[in-house]
Amino acid sequence: MIYAVLGPTCSGKSDLAEFLSQKLGYPVINFDAFQVYKELDKGTAKPSKELLDSNRYFLYSFKSITENYDVSQYQTDARNLLSRFNNDNVILVGGTGLYLKALLFDYKFEDEKRMPDDFLSNKTNEELFDELMKIDPDDAKKIGVNNRKRLIRALYIYSIHGKNKSELNDNGKDNLLYKNVVFIGIDINRDILYERINKRVDIMFENGLKDEVNNLFIYYGKSLRAFQAIGYKEFNNSLLSDDEIKELIKKNTRNYAKRQLTFFKHQFKDVKWCKNLEEITQVIENKNG
RNA sequence: GGCCCGAUAGCUCAGCAGGUAGAGCAAAGGACUGAAAAUCCUUGUGUCCCCAGUUCGACCCUGGGUUGGGCCA
């Protein structure tokens, strides 16, 4: 069985993954977009160093923030790794729904050169929108005029592949490639989740998050994509006091948790949402028994 | 004790010749194929402090209270 553990940030996914790993003897594979970076540590709530060094944990802390990792690379890395385990008997954990979808479903990423950062940067949103309307009106309407990043991406796809996004994507997102997957969702009360988030941010500060971030800024500058991570980007604002930064991180984390829930609920159909360990154990016994 | 100012959404506040209200933030819901901890869309929550009075009608005017702040004793 492939167990995919999903849920919002701070809901206890990592602990559950470790519990299952112990119980079943399966390795743990990460699908979190920021825990892959070795330099990001105190702000990303990774499992402990001991666990990461234990030979049972994969795709954590193995990339540098200077490398600009992305979904397509993750898909390759994760599928290669899965095949090393014969595509069976692993635990997937993480918070990046898109990475999990791209891994397990038939998302196709054709070879392409990385998009230059200044691609179409001189166009206004309206110009980008009008241009996409000519190529793929459905997609343009879905994206909307204000979603500049996606408009540019859609136009880039057309410029290098000669096809629009809809043509390239043809329904792969609903086609599950691995048939032995069990999705376990952590169903946690919203108020309790928010309390846990607030508390975890306090602890991150006590553990020296500020120093870690400032040192990284000194080494690498502030403009790396990885510094868009919550817990890092908020420090890139000289007008805020430490307390204000802390509160902002809490708020951004709460908003993020909300977005994760939306994605998991709507993008994954057969999730067993569990409220406690008994329910989870029951799901596993049904599958393995 | 006297005088002045305030009390309206979870928070900070705006409002109106008297016709039961609206901004920002927080929040909620949603989208999602190469930056996804990213990016974007939608939504307004109310004993307008309480009790009387005036009025067809009061968040608004009058009187009395409650409560917070300031000034003077």
Side-chain angles (χ1 to χ4, degrees), chain A residues 8-10 13 30-37 40 43-46 63 65 67-77 94-117 119 125 128-129 136 138-161 163-175 190-191 194 197-198 200-201 204 213 223-234 244 247-268:
Chain A
T9 185
C10 218
K13 295 189 296 291
N30 170 50
F31 66 87
D32 190 288
F34 285 80
Q35 292 185 353
V36 302
Y37 294 117
L40 304 187
T44 54
K46 288 174 191 166
K63 282 285 158 185
I65 50 177
E67 291 182 74
N68 289 322
Y69 200 59
D70 65 35
V71 219
S72 70
Q73 294 174 62
Y74 174 80
Q75 185 190 53
T76 306
D77 290 340
T96 308
L98 179 64
Y99 279 26
L100 183 65
K101 275 221 94 164
L103 164 59
L104 297 178
F105 293 78
D106 193 15
Y107 275 42
K108 298 183 187 78
F109 299 105
E110 299 193 11
D111 281 348
E112 68 180 45
K113 257 192 293 183
R114 198 181 144 217
M115 186 177 82
D117 282 344
F119 185 72
N125 288 2
L128 294 167
F129 183 78
D136 190 347
D138 289 343
D139 198 39
K141 282 178 219 152
K142 196 171 173 184
I143 291 172
V145 219
N146 296 318
N147 202 342
R148 184 175 180 83
K149 206 181 209 174
R150 292 226 177 124
L151 289 173
I152 290 176
R153 173 64 198 158
L155 291 168
Y156 184 68
I157 288 173
Y158 188 75
S159 81
I160 58 172
H161 297 300
K163 295 180 193 166
N164 66 33
K165 218 169 100 192
S166 327
E167 287 171 318
L168 284 170
N169 292 340
D170 69 344
N171 297 327
K173 69 168 184 165
D174 296 317
N175 185 14
R190 188 75 61 93
D191 293 338
Y194 284 2
I197 287 172
N198 293 341
R200 188 174 75 182
V201 174
M204 284 175 175
V213 178
S223 57
L224 291 179
R225 284 185 179 176
F227 293 146
Q228 292 179 118
I230 296 168
Y232 295 82
K233 63 179 171 190
E234 293 86 355
E244 285 169 328
E247 292 312 307
L248 188 58
I249 291 174
K250 289 177 184 177
K251 193 207 79 180
N252 286 339
T253 309
R254 280 183 252 124
N255 294 162
Y256 167 53
K258 170 70 181 61
R259 265 178 280 133
Q260 285 177 301
L261 282 169
T262 302
F263 194 90
F264 288 137
K265 271 192 286 186
H266 296 266
Q267 297 284 326
F268 296 93

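Any value given below was found using the heavy atoms of this structure, including those in side chains, with hydrogens, waters and symmetry copies removed. Worth saying up front: this structure is predicted, and the values here are computed from it rather than measured. Chain A is the first sequence line, chain B the second, and so forth, proteins listed ahead of strands; every chain is numbered from 1.
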Whole Å only: how far is the [atom1] atom of [X] from the [atom2] atom of [N]?
| X | N | atom1 | atom2 | value |
| --- | --- | --- | --- | --- |
| F129(A) | C41(B) | CZ | P | 12 Å |
| F31(A) | U33(B) | CZ | P | 18 Å |
| Y69(A) | A37(B) | OH | C1' | 16 Å |
| K251(A) | G24(B) | NZ | C1' | 12 Å |

Please report the distance separating the P of U43(B) from the corresponding atom of C3(B), rounded so that it comes out in whole Å. 49 Å
Is any side-chain N or O of [X] closer than 4.0 Å to OP1 or OP2 of [N]?
| X | N | answer |
| --- | --- | --- |
| T96(A) | A37(B) | yes |
| T9(A) | A37(B) | no |
| Y107(A) | U33(B) | no |
| N147(A) | C41(B) | no |
| K258(A) | G30(B) | yes |
| Y99(A) | C32(B) | no |
| K165(A) | U33(B) | yes |
| K101(A) | U33(B) | no |
| H266(A) | G30(B) | yes |
| R190(A) | A28(B) | yes |

Would you classify [X] as touching base, sugar-phosphate or nothing, given that sugar-phosphate means primed atoms plus P, OP1 and OP2, and contacts are heavy atoms under 4.0 Å?
| X | value |
| --- | --- |
| E112(A) | base |
| G97(A) | nothing |
| T44(A) | base |
| A102(A) | nothing |
| R254(A) | sugar-phosphate |
| R153(A) | base |
| Q73(A) | nothing |
| Q267(A) | base |
| Y37(A) | nothing |
| N169(A) | base |
| Q35(A) | base |

Quick check: do [X] and [Y] have side-chain heavy atoms less than 4.5 Å from each other?
| X | Y | result |
| --- | --- | --- |
| L248(A) | E244(A) | no |
| Y107(A) | S72(A) | no |
| I65(A) | F227(A) | yes |

Starting the side chain at C-beta, find the nucleotide from [options] nearest to [X].
| X | options | answer |
| --- | --- | --- |
| D32(A) | G30(B), A36(B), A37(B) | A37(B) |
| F109(A) | A27(B), A35(B), G34(B) | G34(B) |
| F263(A) | C32(B), G34(B), U39(B) | C32(B) |
| N146(A) | A35(B), G34(B), C41(B) | C41(B) |

Just name whichever nucleotide pairs with [N], Watson-Crick or G-U, keeping both distances under 3.5 Å, else none.
| N | result |
| --- | --- |
| C3(B) | G70(B) |
| A36(B) | none |
| C60(B) | none |
| A23(B) | U12(B) |
| U55(B) | none |

For K108(A) and for N252(A), locate the closest nucleotide of RNA chain B by heavy-atom distance; then report the residue assigned to the nucleotide nearer the 5' terminus. K108(A)
G95(A) or L261(A), whichever maps to the more 5' nucleotide of RNA chain B: L261(A)
Decide whether [X] and [Y] meet the rule of one side-chain donor and one side-chain acceptor closer than 3.5 Å.
| X | Y | answer |
| --- | --- | --- |
| D77(A) | Y69(A) | yes |
| T9(A) | R200(A) | yes |
| Y232(A) | Q228(A) | no |

Considering only NZ, NE, NH1 and NH2 on the basic side and carboxylate oxygens on the acidic side, decide whether R225(A) and D117(A) come within less than 4.0 Å.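 Yes, charged N to carboxylate O under 4.0 Å.
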Heavy atoms from other residues, nucleotides or ligands near NZ of K163(A) exceed 12 (cutoff 6.0 Å):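 No, NZ of K163(A) has 12 or fewer neighbouring heavy atoms, counting only those of other groups under 6.0 Å.
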Is any side-chain N or O of R150(A) under 3.5 Å from a base N or O of C32(B), one able to act as donor and the other as acceptor? yes
